[in-house]
Amino acid sequence: MRTRLIAAATLACTTFAFAAAPVAADARERMLVCKTNVKKKANNGTLAGAVAGGVLGNVVAGNGAKTEGAILGAGVGAVAGHQIAKKKAKKDCRYVYR
């Protein structure tokens, strides 16, 4: 009987401790703070990637498909340039709790 009472009390105390812990953590808001403007750098990367991809696609494409190669290369280059520039710009970011 006594061990059941001790086990029940221990279980109740640990349950209350786990239930109360997230309340204190939720009171603070997590925000991403960056030293640089990530959107501006990502947009610049998109533009540079699109231009480079378009030129490369035009050069690599066959004789009859220069326009299609340029369009496809510009699309792929824009996506790649955006992702690369965004990743490099986010190196100056950190999370702050307020």
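As a basis for the values below, the full set of heavy atoms in this structure was taken, side chains included, without hydrogen atoms, waters or symmetry mates.
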key: Main-chain N/O of Ala85 paired to Lys41 side chain as donor or acceptor, under 3.5 Å   =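 A pair under 3.5 Å: no.
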[atom2] on [Y] to [atom1] on [X], rounded to 0.5 Å:
X     : Y     : atom1 : atom2 : answer
His82 : Lys39 : NE2   : NZ    : 10.0 Å
Leu72 : Asn58 : CG    : CG    : 12.0 Å
Met31 : Glu29 : CE    : CD    : 5.5 Å

inquiry  = If you compare all heavy atoms of Val33 against all heavy atoms of Arg98, which two are closest, and at what distance to 0.1 Å?
reply    =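 Heavy-atom minimum between the residues: CG2-NH2, 4.1 Å.
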